Amino acid sequence: MTFNQRVAVVTGASSGIGYETSLTLARNGFHTYATMRNLQKSKSITEIANTEKLSLQVVQLDVTDDGSVKDAINRIVAEKKRIEVLVNNAGYGLFGSLEDMSVEEIKKQFETNFFGVIRVTKQVLPVMREQNSGIIVNVSSVGGRIGLPVLSAYHSTKFALEGLSESILYEVEPFGIRVVIIEPGVIRTNIMNSSTAAKKALDPKSPYFKLMQKVKNHFKSNMENEPSSPEEVAKVILQAVMSEYPKLRYTVGTDASRIIQARTNMPDKEFQQIVKDFSI
Ligand SMILES: NC(=O)c1ccc[n+]([C@@H]2O[C@H](COP(=O)([O-])OP(=O)(O)OC[C@H]3O[C@@H](n4cnc5c(N)ncnc54)[C@H](OP(=O)(O)O)[C@@H]3O)[C@@H](O)[C@H]2O)c1
């Protein structure tokens, strides 16, 4: 097996971090399956792959759909017999106070950001275990380490993802499988457009309406003023998968390191004041 034949699977490759990670892995010798739920969004990545003669294939995969996940992974295994790298990246944000979000809306958020990861990982694990090697890269967020108002559902999915990753690493390490968590700060992608708001949260009569606008504006301005690029995240993911002994956590962006350091070093009350200062 030559290095060129190592196989990578990326979810949510139609835009942003997943798109750049797929290209970066392909440019660095991985046969990359750039998976996405809507193949109509595959034109741009396919054109780049063709122009650069990259070893990259697009495959349909919706992380919320059991059948789609099974079909995609079965097809990849039938074609290549192995999967060395899985990047669980697909995700979106849900804005809304807890009171304004319906249980259905919260469940939907978990279906993609958390159960989506579980669905794909469970399908890939037997393949990695059989080959006695592999690395699972879970794209969490700084939001997997801190909580913010009107984003409790999103943060809960990322906290859950961190807990999942940190627990399963002990189960899979004896089979040569590594688990890595990526914690980006604000990254210039489509996320603000692809994120949704709970229906009730959009009602100006909601008691949380002002808070919601404030937090949304804060993110919009961060996105415009000091974002990192999705290429930076892709580079860190590449570094992790190429490393003989990858770390459990990688933060991306100076904002991410700054926030996590503050959360770790400050007493709870002091950190809460920082969040209140921009949101309340
Ligand atoms: N951007 C940031 O500031 C930031 C910071 C920290 C963490 N993250 C995390 O990074 C990851 C990627 O987000 P991004 O910033 O690159 O946003 P993005 O540009 O909106 O990309 C999100 C990707 O996820 C896909 N997706 C959503 N639901 C899916 C499903 N059910 N099945 C398959 N794919 C699905 C989207 O597909 P469609 O095109 O079909 O919608 C898209 O390809 C997310 O997990 C996000 O939480 C982002």
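Note that the structure is a prediction, hence the values are computed from the model and not measured. Start at 1 with the first residue, then count along the sequence. Atoms within a ligand are numbered from 1 in the order they appear, just like the ligands themselves.
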Colleague: Thinking salt bridges, do E166 and R249 make one under a 4.0 Å N-O criterion?
Modeller: yes
Colleague: Apply the test salt bridge (charged side-chain N to carboxylate O under 4.0 Å, His left out) to residues R178 and E244: give CA-CA distance (whole Å), side-chain angles for both, the deciding distance (0.1 Å), then the verdict.
Modeller: CA-CA 10 Å; R178 311 272 181 185; E244 196 177 347; over 6 Å; no
Colleague: Students should be able to answer this: which protein heavy-atom is nearest to atom 21 (O) of ligand 1, and at what distance?
Modeller: S15 OG, 3.2 Å
Colleague: With salt bridge (charged side-chain N to carboxylate O under 4.0 Å, His left out) as the criterion, how do E47 and K43 come out once you've worked through the C-alpha distance, each side chain's angles and the decisive distance to 0.1 Å?
Modeller: CA-CA 6 Å; E47 275 176 10; K43 196 165 171 262; 3.4 Å; yes
Colleague: Please tell me whether N88 and T121 have a donor and an acceptor in their side chains that are separated by less than 3.5 angstrom.
Modeller: yes
Colleague: Under a 4.0 Å threshold between the charged nitrogen and the carboxylate oxygen, would K199 count as salt-bridged to E105?
Modeller: no
Colleague: Assess the residue pair M223 and I191 against the criterion (side-chain contact (heavy atoms from CB on, under 4.5 Å)); give the C-alpha distance rounded to whole Å, side-chain angles, the decisive distance to 0.1 Å, and a yes or no.
Modeller: CA-CA 10 Å; M223 197 59 97; I191 194 137; 3.4 Å; yes
Colleague: Does G185 have a non-hydrogen atom less than 4.0 Å from ligand 1?
Modeller: yes
Colleague: With a 4.5 Å limit on heavy-atom distance, are the side chains of E79 and Q57 in contact?
Modeller: yes
Colleague: Between E84 and S133, do the side chains contain a donor N or O and an acceptor N or O under 3.5 Å apart?
Modeller: no
Colleague: Answer with yes or no whether the side chains of Y154 and S195 bring together a donor and an acceptor at under 3.5 Å.
Modeller: no
Colleague: Please report whether ligand 1 has a polar contact with N38, defined as an N or O pair separated by less than 3.5 Å (distance criterion only).
Modeller: no
Colleague: Who's the nearest protein heavy-atom neighbour of atom 40 (O) of ligand 1, and how far?
Modeller: R37 NE, 2.9 Å
Colleague: Taking atom NE2 of H31 and atom CG of L56, what is their separation to the nearest 0.5 Å?
Modeller: 7.5 Å
Colleague: Under a 4.0 angstrom heavy-atom cut-off, which atoms of ligand 1 come close to K41?
Modeller: 38 (P), 39 (O), 40 (O), 41 (O)
Colleague: Ignoring hydrogens and angles, state whether a donor on the side chain of Y250 or Q239 is under 3.5 Å from an acceptor on the partner side chain.
Modeller: no
Colleague: Any N or O of G12 that comes nearer than 3.5 Å to an N or O of ligand 1?
Modeller: yes
Colleague: Which of these, A256, A90, S68, has its nearest heavy atom closest to atom 34 (N) of ligand 1?
Modeller: A90
Colleague: Tell me, please: is L61 in heavy-atom contact with ligand 1, that is, under 4.0 Å?
Modeller: yes
Colleague: Heavy-atom distance to atom 45 (O) of ligand 1: which of V139, I191, V117, N89 wins?
Modeller: N89
Colleague: Could you tell me whether the side chains of T64 and E111 share a donor-acceptor contact shorter than 3.5 Å?
Modeller: no
Colleague: How far is atom 17 (O) of ligand 1 from the closest protein heavy atom, and which atom is that?
Modeller: T189 OG1, 3.4 Å
Colleague: Out of S140, G18, G143, who gets a non-hydrogen atom closest to atom 7 (C) of ligand 1?
Modeller: S140
Colleague: Look only at interatomic distance and state if I187 has a nitrogen or oxygen under 3.5 Å from any nitrogen or oxygen of ligand 1.
Modeller: yes
Colleague: Is any N or O atom of S14, backbone or side chain, closer than 3.5 Å to an N or O atom of ligand 1?
Modeller: yes
Colleague: Testing the basics here: between I135 and P246, what is the closest heavy-atom pair and its distance to 0.1 Å?
Modeller: CD1-CG, 3.9 Å
Colleague: Specify whether H218 and F278 have parallel, tilted or perpendicular ring planes, treating 30° as the upper limit for parallel and 60° as the lower limit for perpendicular.
Modeller: parallel
Colleague: Report, in ascending order of atom number, the atoms of ligand 1 lying under 4.0 Å from any heavy atom of T64.
Modeller: 31 (N)
Colleague: Please check whether N190 reaches ligand 1 - meaning an N/O of the residue sits under 3.5 Å from an N/O of the ligand, judged on distance alone.
Modeller: yes
Colleague: Show the atoms of ligand 1 that are less than 4.0 angstrom away from any heavy atom in V186.
Modeller: 3 (O)
Colleague: Report the member of V63, I182, V252 with the shortest heavy-atom distance to atom 32 (N) of ligand 1.
Modeller: V63
Colleague: Measure the distance from atom 22 (C) of ligand 1 to every protein heavy atom, then report the residue, atom name and distance (to 0.1 Å) of the closest one.
Modeller: G91 O, 3.6 Å
Colleague: Check for me whether K158 has a heavy atom closer than 4.0 Å to any atom of ligand 1.
Modeller: yes
Colleague: Please list, in number order, the atoms of ligand 1 under 4.0 Å from a heavy atom of S194.
Modeller: 20 (O)
Colleague: For I17 and ligand 1, does the shortest N/O to N/O distance drop below 3.5 Å?
Modeller: yes
Colleague: If the contact criterion is a heavy-atom separation under 4.0 Å, does T11 count as touching ligand 1?
Modeller: no
Colleague: Considering only protein heavy atoms, which is closest to atom 31 (N) of ligand 1, and at what distance to one decimal place?
Modeller: D62 OD1, 2.9 Å
Colleague: Can you tell me if N138 and S165 form a side-chain donor-acceptor pair at under 3.5 Å?
Modeller: yes
Colleague: Which of the atoms in ligand 1, numbered in the order shown and given with their element, are less than 4.0 Å from a heavy-atom of G16?
Modeller: 16 (O), 19 (O)
Colleague: Name the closest protein heavy atom to atom 47 (O) of ligand 1, giving the residue it belongs to and the distance to 0.1 Å.
Modeller: Y154 OH, 2.6 Å
